[in-house]
**Student:** 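Let me give you the structure first, and then I'll get to my questions.
Quick caveat: nothing in here was measured; it's all calculated off a predicted structure.
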Amino acid sequence: LREPPLRQIEASIAFEVNKPTTQEQRTAWTETLKDVLPAEDVDSNAKLLAGQFNFNLHDIRNSAAQAMHSQVQETMADKVWDACCNLTRPRLDQLAQRIEPKATWNELVLPAEALGLLHQIAAQVRGRYQVYEDWGYAKTMTRGLGISALFAGESGTGKTMAAEVLANELRMALYRIDLSSVVSKYIGETEKNLRKLFDAAEQGGAILFFDEADALFGKRSEVKDSHDRYANIEINYLLQRMESFSGLAILATNMKSSLDQAFMRRLRFIVNFPFPGVAERTQIWQKALAPEVPHDELDYERLARFNLSGGNIHSIALNAAFTAAQRAEGDKSVTMPVLLSATRSELRKLDKQINEADFRAVQITKVTA
């Protein structure tokens, strides 16, 4: 129990039973995995599972049993990992929206520095046990054992896609925090909802993704009335809970300056997502159309001259694919005129100035099979 009863009905003795420590969980995993994995894989997988998940002994045995009965065509180690993720999943579905991660590293177009930081995040998640337990950091640190990262950049620059890539790479569930179910107008309810959310995610297996993070992690204000005081209490609670959270939390915002500076100190990584330049936009255009989409030879360098974000480019490619598919008969390939027409519509939607010279007809060459 989290708290003992306030009033004892009769004489009794209360005992506090804690979850097994990380070292004890590793020992339990080692004993459990001996029956399901080759001997040479037991120790490494026991460290990985104990470092990522915070389970009691029953959950450890239950995960291994589920893996043994799974009919999925995977290695037994992957089955055990999936069983652990499935065990934590139902406890988050009521508090956040689950995103099915599909993006991969090949789809990300970012500067080398940003990509390097994302790879560091993935490496630190995998190496938690070695650093914290084998190398003794857990003995000297009481807070900050989790990993928190800020993804900052304009809308459409790839923040959500990067979160998907990390979830895919780490084989973890990705949960976008549903602010409508967390934030409450009633005093104290927001903190209760946040506590449920963080407590549910403490077991591991899930990445918490705070999209539009400035709505929750905004700057504290001078207290002028009771509304200011209670708003600051919410932010103070978030500061404490983020520092004590042991999992991976990602904050995404396009207004980095709106975040409270106290959050910035508690963030282990800050990844900036710059607006793509011409070279980056060329790569994004080359990857925008799905491989199965029929298309003519396209002038990607010409398309990259339009000052658009990656999100806008993917919207244009999708609209162009629908336009080509709606042709009643004949060739349904995506052509340059179709893409230029979709680009014009996107620029109008964004209220950007349109130079008609950029949309003049060009010679189109058919791609040979």
**Student:** Which residue is it: Gln23, Gln52, Lys47? I am looking for the one with a side-chain hydrogen bond (donor to acceptor under 3.5 Å, both in side chains) to Tyr129.
**Tutor:**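 For Tyr129, the side-chain hydrogen bond (donor to acceptor under 3.5 Å, both in side chains) test succeeds with only one of Gln23, Gln52, Lys47, which is Gln23.
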
**Student:** Under 3.5 Å, is there a donor-acceptor pair between the side chain of Asn168 and the main chain of Ala103?
**Tutor:**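 Yes; judged by distance alone, with no hydrogens or angles, the pair exists.
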
**Student:** Do the side chain of Asp299 and the main chain of Arg302 share a donor and acceptor less than 3.5 angstrom apart?
**Tutor:**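 Confirmed, Asp299 side chain pairs with Arg302 backbone.
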
**Student:** Are any side-chain N or O atoms of Arg128 and backbone N or O atoms of Glu133, one a donor and one an acceptor, separated by less than 3.5 Å?
**Tutor:**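 No; judged by distance alone, with no hydrogens or angles, the pair does not exist.
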
**Student:** Between the side chains of Asn312 and Ser309, is a donor N or O closer than 3.5 angstrom to an acceptor N or O?
**Tutor:**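 Yes - a donor-acceptor pair under 3.5 Å links their side chains.
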
**Student:** Would you kindly say whether Asn54 and Gln25 are connected by a side-chain donor-acceptor distance under 3.5 Å?
**Tutor:**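 Yes, Gln25 and Asn54 have a side-chain donor paired with an acceptor closer than 3.5 Å.
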
**Student:** Does one side chain, of Gln124 or Arg268, offer a donor that lies under 3.5 Å from an acceptor on the other?
**Tutor:**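 Short answer, yes.
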
**Student:** State whether Glu202 and Arg241 are salt-bridged, where the test is any N-O pair (Lys NZ or Arg NE/NH1/NH2 against Asp/Glu carboxylate O) under 4.0 Å.
**Tutor:**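 Yes.
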
**Student:** Between Arg348 and Glu346, is the closest basic N to carboxylate O distance under 4.0 Å?
**Tutor:**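 So Glu346 does not pair with Arg348 through a salt bridge.
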
**Student:** Would you say the side-chain atoms of Asp78 pair up with the backbone N or O of Glu74, donor to acceptor, closer than 3.5 Å?
**Tutor:**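 Side chain of Asp78 to backbone of Glu74: no pair is present.
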
**Student:** Answer yes or no for Arg344 and Phe359: cation-pi contact, defined as NZ/CZ to six-membered ring centre under 6.0 Å and angle to ring axis within 45°.
**Tutor:**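 Ring-cation test returns yes.
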
**Student:** Under 3.5 Å, is there a donor-acceptor pair linking the side chains of Glu301 and Thr282?
**Tutor:**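 No, Thr282 and Glu301 have no side-chain donor paired with an acceptor closer than 3.5 Å.
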
**Student:** Please check if the distance between the ring centroids of Tyr175 and Phe209 is under 6.0 Å.
**Tutor:**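 Aromatic pair excluded; centres sit 6.0 Å or further apart.
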
